[in-house]
Enquirer: 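Take this structure, written in structure tokens, and hold onto it; I'll ask about it next.
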Amino acid sequence: AAKADGRRTRRLFEPAMDAALQGRRSLERDLRAAMAAEALEVHYQPLVDARSLAVTGCEALLRWRHPERGFVSPADFIPVAEETGLIAPLGEWVLARACREAAAWPRPVRIAVNLSPAQFRTPDLVGTVARALAESGLDPVRLELEITEQVMLEESAANIAVLHRLRGLGVRIAIDDFGTGYASLSYLRAFPFDKIKIDRSFTAALGHEAAALAVVQAVIGLGASLGITTVAEGVETEAQLSVLRRSGCDEVQGFLFSRPVPAADLRALVAASAGPWMAAAA
Ligand code: C2E
Ligand code: MG
Ligand code: MG
Ligand code: MG
């Protein structure tokens, strides 16, 4: 019976698994080609001071324009890059590009770069970051590295050592998508993060879920007493902004202010003393 079941399972799932595997392989092939052909670019989304609404920095977000598939979301290709080891050269490229572009901006705002869990396991991450800083001439205090709770979940002792070495370079560490992983509070004890980015699912629920507001306010309070900057991700409405401001959130990021934009557009936003959203949202 077990054998028959096994056969049946294989018949049912094999074609689907093959298709998924082939999809991953062709995605990997295309991604390698894209890196070679410079079909990748970095877009930037402003981070805004919740009180003054001035741009305090921006987050680098990878973009891939695929000739047939059109725009491919990083959410789709980062996992493939992680599985195949492509994440190391890809991550290095993003870091170098973001540091170089940020070094030339008209004001010394911060630049945040995402690091995936697999990038954390690459042996020379600290060297890669040091090189990106040296080659761009970017002041290390302007670089912020965003990691997820997932990173802290794996091999936490080794990862905490890497975080300390990164911090030794003078860069800041932010914990991304906060509240979506596990055991978040123990990480705050284990490592002194500079910034907490509250996941956008909490921001989205602010207007209609009392529990979401309670959690957000507790995290903001925790940040304030630990000396950690708090940021709300995914701010899309004036109502969300005003709740976050009243709750004492330090920074906000979201479509209400700007979508991720090409480097030249971000440069203009940084150069302007006031964002186009200020008149509307102040
Ligand atoms: P993330 O680091 O949490 O980045 C924020 C994501 O939320 C971005 O999606 C951004 O476009 C989106 N977002 C920003 N504001 C709003 C809003 O108001 N509403 C909504 N609905 N979405 C908003 P994106 O660019 O598609 O990136 C998805 C994820 O891919 C990122 O999540 C990050 O984990 C990963 N990623 C992006 N670029 C890189 C990279 O260069 N390296 C690594 N390792 N991961 C990256
Ligand atoms: Mg991020
Ligand atoms: Mg995030
Ligand atoms: Mg997120």
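Numbering of ligands and ligand atoms starts at 1, following listing order. In this chain, residues are counted from 1 in sequence order. None of the values given here were measured: they were computed from a predicted structure.
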Enquirer: Mind checking whether Arg63 has a heavy atom under 4.0 Å from ligand 1?
Expert: yes
Enquirer: Which of the listed options, Asn114, Val72, Val252, holds the heavy atom that is closest to atom 46 (C) of ligand 1?
Expert: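 It is Asn114 that holds the nearest heavy atom.
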Enquirer: Going by the closest heavy atom to atom 1 (P) of ligand 1, which one wins out of Asp176, Val42, Thr237, Thr203?
Expert: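 Among Asp176, Val42, Thr237, Thr203, the closest heavy atom to atom 1 (P) of ligand 1 comes from Asp176.
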Enquirer: Answer with side chain, backbone, both or neither: which part of Pro260 has a heavy atom less than 4.0 angstrom from an atom of ligand 1?
Expert: side chain
Enquirer: Are there over 12 heavy-atom neighbours, none belonging to Arg25, within less than 6.0 Å of that residue's CZ?
Expert: no
Enquirer: If we count only N and O atoms by modelled type, under 3.5 Å, do the side chains of His43 and Gln45 hold a donor and an acceptor together?
Expert: no
Enquirer: If we only consider heavy atoms of Gly234, is any one of them less than 4.0 Å away from an atom in ligand 1?
Expert: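 Flag set, Gly234 near ligand 1.
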Enquirer: Report the part of Gln45 (side chain from C-beta onward, or backbone N, CA, C, O) that has a heavy atom under 4.0 Å from ligand 1; answer both or neither where that applies.
Expert: side chain
Enquirer: Would Glu233 count as a contact for the Mg ion (ligand 2), in the sense that one of its N, O or S atoms lies under 2.8 Å from it?
Expert: no
Enquirer: Output all residues satisfying side-chain hydrogen bond (donor to acceptor under 3.5 Å, both in side chains) with Glu209, sequence neighbours left out; order by chain, then residue number.
Expert: none
Enquirer: Between Val235 and ligand 1, find which residue part has any heavy-atom pair under 4.0 Å and reply side chain, backbone, both or neither.
Expert: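 Under 4.0 Å from ligand 1, Val235 contributes backbone atoms alone.
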Enquirer: Closest N/O/S atom of Glu146 to the Mg ion (ligand 2), by atom name?
Expert: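 Looking only at N, O and S atoms of Glu146, the one nearest the Mg ion (ligand 2) is named OE1.
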Enquirer: I'd like to know whether ligand 1 has Arg259 as a neighbour, heavy-atom separation below 4.0 Å.
Expert: no
Enquirer: For Gln253 and ligand 1, does the shortest N/O to N/O distance drop below 3.5 Å?
Expert: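 N/O-N/O distance under 3.5 Å: no.
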Enquirer: Looking at every non-hydrogen atom in both residues, tell me the closest pair between Leu206 and Leu213 and how far apart they are.
Expert: CD2-CA, 3.7 Å
Enquirer: Looking only at N, O or S atoms, which one in Glu59 sits nearest to the Mg ion (ligand 2)?
Expert: OE2
Enquirer: Rounded to the nearest 0.5 Å, what separation is found between the CG atom of Leu269 and the CZ atom of Phe257?
Expert: 12.0 Å
Enquirer: Ring centroids only, cut at 6.0 angstrom: are Phe193 and Phe191 within range, meaning strictly under it?
Expert: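 That pair passes the under 6.0 Å test.
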Enquirer: Does the side chain of Ser52 come under 3.5 Å of the side chain of Asp49 through a donor N or O and an acceptor N or O?
Expert: yes
Enquirer: What N/O/S atom of Asp176 is the closest to the Mg ion (ligand 2)?
Expert: OD2
Enquirer: Within this structure, what is the CD1-NZ distance for the pair Ile175 and Lys195, rounded to the nearest 0.5 Å?
Expert: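 NZ of Lys195 is found 13.5 Å from CD1 of Ile175.
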Enquirer: Decide whether an N or O pair under 3.5 Å exists between Phe255 and ligand 1.
Expert: yes
Enquirer: Among Ile, Leu, Val, Met, Phe, Trp and Tyr joined by side-chain contacts under 4.5 Å, find the other residues sharing a cluster with Leu47 and list them by chain and number.
Expert: Val231
Enquirer: Report the part of Lys197 (side chain from C-beta onward, or backbone N, CA, C, O) that has a heavy atom under 4.0 Å from ligand 1; answer both or neither where that applies.
Expert: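 For Lys197, there is no contact with ligand 1 at all, from either part.
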Enquirer: Quick one: which of Glu146, Gln150, Glu236 has a heavy atom closest to atom 19 (N) of ligand 1?
Expert: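 Of the listed residues, Glu236 has the closest heavy atom.
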Enquirer: What is the minimum heavy-atom distance between Trp64 and Ala34, and which atoms define it?
Expert: NE1-CB, 3.4 Å
Enquirer: For ligand 1, is there an atom lying under 4.0 Å from some heavy atom of Glu233?
Expert: yes
Enquirer: Short check: any N/O/S atom of Asp177 below 2.8 Å from the Mg ion (ligand 2)?
Expert: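 No, outside the cut-off.
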Enquirer: If you measure from each non-hydrogen atom of Leu62 to ligand 1, which part falls under 4.0 Å: side chain, backbone, both or neither?
Expert: both
Enquirer: How about Asn114 and Glu59: does a side-chain donor come under 3.5 Å of a side-chain acceptor?
Expert: yes
